[in-house]
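Report on the structure given below.
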Amino acid sequence: MAVFTAFEEQDVIADLTKNVVDGVVFTDLETLKKQSFSPRMTDADSGLALAFVDAKSSADIKGVLQTARTFHIPVITQNQFTSTVIGADGLTGAIILSTRSLNKIIEISKEDGLAVVQPGVINQALDDEARKLGMFYAPDPGSKSISGIGGNTATNAGGMSTVKYGATKDNVLGLTVILADGRELKLGGRTLKQAFSYDLTQLFVGSEGTLGIITEIIVKLLPLPIGTPMMGNAFFPDMTTLAKAVAAIRLSGVGPTMLEALDSNTIAALDQYEGTDYASESGAMLIFKIDQSTLEIEQKMNDLLTKFGAANIQVTTDPAKQAALVKLRQDMLPAVFAGQNHIMEDMALPLSKLAPMMDYIQQIGEQLGLKIYVAGHAGDGNVHPTIVWPADASEMPPQVNEALQLMFKKTLELGGTISGEHAVGMVKNQWNNLELGEDVDFLQHQIKALLDPMNLLNPKRKIN
Ligand SMILES: Cc1cc2nc3c(=O)[nH]c(=O)nc-3n(C[C@H](O)[C@H](O)[C@H](O)COP(=O)(O)OP(=O)(O)OC[C@H]3O[C@@H](n4cnc5c(N)ncnc54)[C@H](O)[C@@H]3O)c2cc1C
């Protein structure tokens, strides 16, 4: 039977061009390919978008949504496109709606301890501006210098300082959101406490572009702490011992700002990348920071590290040496990824279950003959195992998938989550039922249907 289409692609483009009044509509192949396919995915996972819209105003966003409703076309909201879970990549025939050019810091209020920003503002840029006034923006994903506050909010990004200052959700006070039907909502506000309504602000934090388009964010800014930050590193025989030490430090009252773990494979990769020589020291490295350190805290920290068998404990208050340690941690991804195929995962465990998980990951690697690099924001129980295989392999070895399945199942068994901070995207949405259970999974679909009944916003991602 012949199938007749109701409209041609050029009809959609013409409508889009009419509706986008301030921004730019791109339809050239080069732009579409660049914005549809991130390096973290294969063509099979996604598809070439029909148009890429660089929105410059809320009117543009409403215009894109009008076209989407008219022609029943999916809209993928994209910000700085650093998602690691195939969250912002194209889908065949979809419109990619970019909020990256909505990049103004609208207000920094020292008096109220907050900033009002557009989604395209780069995390680092906001932090830099806040610091000029003696404040700072706490959430610090590894992608701080390349990802935007809008993307951070839509994924509930975490980072190294989450252990002390919380993830993005703990630092968002209010949002402006445009729904699929074009309604513009103001949620939350400028107060540090809010107990009035259902917390719809938090519903949109981490919603991954599936419930609405975030156009403005009110975030907390904190005063720069008084005192001397202390930073250091220490070496443990293995990741399991390190994880036990981390749980004890977290519960000790020393108030760490950073507790980052790197296993021996990761350290060796970093040594090669940076020209350092940490690998000869031991099986696992902990990088720690305490913002407001005192002699008493330093002593307590030293006692805890020693109790768990840490060797070569080095501590510094020198800002340059501290920056070098942060850089070492930030360089972990390029160091590990260099020249090989990889999948990096992102589970979070209850603190007491981090050590058994470390054991399990090692066991899986040995059992399946895989090289697994393990690192993570250990202070949050957040672990990032990266499985690698040769760059010239035509396909991902089946053991990689098997390892991921086993690790995910073990995480859930231990009471953890398979997405600590990187979100769900298209990589983990098949796990919704297992992680959430059928009732919660169904309720999430009901919420989605209420806010986006035509399923226009980032379909196939997060819950579908
Ligand atoms: C080197 C590197 C290090 C990283 N380190 C970390 C880390 O430590 N912690 C961490 O959490 N993540 C990390 N990430 C992942 C990624 O940077 C984060 O998920 C980040 O929050 C995405 O921001 P973005 O601006 O690039 O958004 P994008 O990648 O463009 O989009 C991400 C998601 O948000 C949605 N979205 C984007 N903008 C909007 C909007 N305006 N309204 C509604 N939805 C929107 C998209 O649809 C998509 O689902 C890292 C990535 C890289 C490449």
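Counting starts at 1 for both ligands and their atoms, in listed order.
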Check your understanding: Is Asp181 paired with Arg69 through a side-chain N to carboxylate O contact shorter than 4.0 Å?
Key -> no
At less than 4.0 angstrom from any non-hydrogen atom of [X], what atoms of ligand 1 do you find?
X      : result
Ala157 : 11 (O), 21 (O)
Thr84  : 51 (C)
Gln78  : 30 (O)

Just to be sure I read this right, does ligand 1 sit under 4.0 Å from the backbone of [X], its side chain, both, or neither, counting only heavy atoms?
X      : value
Thr155 : side chain
Thr82  : both
His377 : side chain
Thr99  : side chain
Thr153 : neither
Ser83  : both

Practice item. Check side-chain contact (heavy atoms from CB on, under 4.5 Å) between Asn433 and all other residues, then give those that pass, not counting sequence neighbours. Key: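 Counting only residues at least two positions away or on another chain, Asn433 forms a side-chain contact (heavy atoms from CB on, under 4.5 Å) with Glu438, Asp441.
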Check your understanding: Which is closest to atom 42 (N) of ligand 1 in terms of heavy atoms, Leu175, Ile214, Leu457?
Key -> Ile214
Review point. Touching ligand 1 at all, Gly212? Heavy atoms, strictly under 4.0 Å?
Key: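 Gly212 counts as a contact of ligand 1 under the 4.0 Å cut-off.
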Review point. Does the pair Asn429 and Asn464 meet the rule for a side-chain hydrogen bond (donor to acceptor under 3.5 Å, both in side chains), with working shown?
Key: CA-CA 6 Å; Asn429 44 1; Asn464 286 310; over 6 Å; no
Review point. Taking the inter-plane angle between the rings of Phe26 and Phe52 on a 0 to 90° scale, is it parallel (under 30°), tilted (30 to 60°) or perpendicular (over 60°)?
Key: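 Phe26 and Phe52: tilted rings.
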